[in-house]
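Predicted model, so just to flag it, every value in this text is computed and none were measured.
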Amino acid sequence: MYSVIYDGHCNLCVNLVRCLESLDGGHHFQYIPMQDRVALARYGLTPADGQAGMIVLDQADPSQRWQGSDAAEVIVQILPLAASLVKGYQASWLKPLGDQFYTYLRDRRYALFGQRQTLYRSAYPVCDDGQCRP
């Protein structure tokens, strides 16, 4: 199982999380908005860490973490049938362009896609010992 840390106020981020929720159904991913200080503290993270881009971490070994475009690549690799596409992309000349594009969108996400007034909380939150954070 993996945790996806996302900006719960970013329209683009929330729409991507909703898409993942419908594709994955909570089988591989659980979600934490970067505004949830309590959940982030468990992993030694702060909301400021999330400003550098979404984070994916392996719940079995939280030291295994990816951020930004690397996190997006990990998500796609975990989804069925996509791993070979990501490996080809990572080995191609497109990877540096993809990294730059991710950074461009990250830094302009509110201006380009808008900002939500209320925090989006996933239907598949991270659970601890059977206790799910709403």
Side-chain angles (χ1 to χ4, degrees):
M1 185 67 71
Y2 295 85
S3 296
V4 176
I5 300 168
Y6 65 98
D7 184 342
H9 284 228
C10 166
N11 285 328
L12 174 64
C13 308
V14 167
N15 286 329
L16 290 172
V17 165
R18 285 180 172 165
C19 181
L20 275 175
E21 288 171 334
S22 66
L23 289 171
D24 180 58
H27 296 289
H28 297 97
F29 302 108
Q30 294 177 332
Y31 305 88
I32 304 170
M34 72 179 197
Q35 292 82 4
D36 186 339
R37 293 176 184 275
V38 173
L40 294 181
R42 182 175 58 245
Y43 300 110
L45 297 169
T46 68
D49 295 317
Q51 291 296 332
M54 85 170 128
I55 300 169
V56 173
L57 51 90
D58 184 337
Q59 290 179 4
D61 180 5
S63 68
Q64 292 291 314
R65 56 179 73 171
W66 303 266
Q67 189 159 20
S69 61
D70 292 337
E73 292 167 16
V74 166
I75 289 169
V76 175
Q77 275 185 304
I78 292 167
L79 294 174
L81 304 174
S84 62
L85 293 174
V86 172
K87 288 182 194 274
Y89 163 78
Q90 290 171 326
S92 80
W93 57 272
L94 291 172
K95 168 92 169 103
L97 293 175
D99 293 346
Q100 289 176 351
F101 184 65
Y102 180 92
T103 300
Y104 177 86
L105 290 178
R106 177 200 68 204
D107 293 345
R108 294 162 183 81
R109 65 187 180 271
Y110 296 141
L112 293 171
F113 303 101
Q115 185 173 4
R116 300 171 55 85
Q117 295 301 312
T118 58
L119 180 67
Y120 177 76
R121 293 203 176 262
S122 171
Y124 303 99
V126 169
C127 297
D128 288 325
D129 302 323
Q131 297 291 343
C132 293
R133 297 187 55 76

If I compare all heavy atoms of [X] with all of [Y], which pair ends up nearest, and what's the gap?
X    : Y    : value
G8   : V14  : O-CG2, 3.8 Å
Q51  : M34  : NE2-CE, 2.8 Å
R121 : P33  : NH1-CG, 3.8 Å
E21  : Y124 : CG-CD1, 3.8 Å
D49  : T46  : OD2-N, 2.7 Å
Q30  : P125 : CD-O, 3.5 Å

Mind running side chain to side chain contact (heavy atoms under 4.5 Å, CB included) on R65 and D70 for me, showing each step along the way?
-> CA-CA 9 Å; R65 56 179 73 171; D70 292 337; over 6 Å; no

Value rounded to 0.5 Å, distance of CG in L20 from CD1 in I78 = 10.0 Å

Roughly how far, to the nearest 0.5 Å, is the CZ atom of F113 from the SG atom of C13?
-> 9.0 Å

Residues D7 and R106 bridged, charged N to O under 4.0 Å | no

Would Y43 and S3 satisfy side chain to side chain contact (heavy atoms under 4.5 Å, CB included), going step by step from the backbone distance to the final call?
-> CA-CA 10 Å; Y43 300 110; S3 296; 3.6 Å; yes

Please name the residue in the list V126, I5, V17 that meets the side-chain contact (heavy atoms from CB on, under 4.5 Å) test with Y31.
-> V17

side-chain contact (heavy atoms from CB on, under 4.5 Å) with Q67: which of L57, I55, V74?
-> I55

What do the steps show when you test L16 against Y6 for side chain to side chain contact (heavy atoms under 4.5 Å, CB included), and what is the final call?
-> CA-CA 9 Å; L16 290 172; Y6 65 98; over 6 Å; no

Where do I75 and V4 land on the side chain to side chain contact (heavy atoms under 4.5 Å, CB included) test, with the steps shown first?
-> CA-CA 9 Å; I75 289 169; V4 176; 4.2 Å; yes

Hey, can you tell me if F101 and Y104 have their rings parallel, tilted or perpendicular (30° and 60° cut-offs)?
-> parallel

ILVMFWY network linking L12 to L112, side-chain heavy atoms under 4.5 angstrom | yes

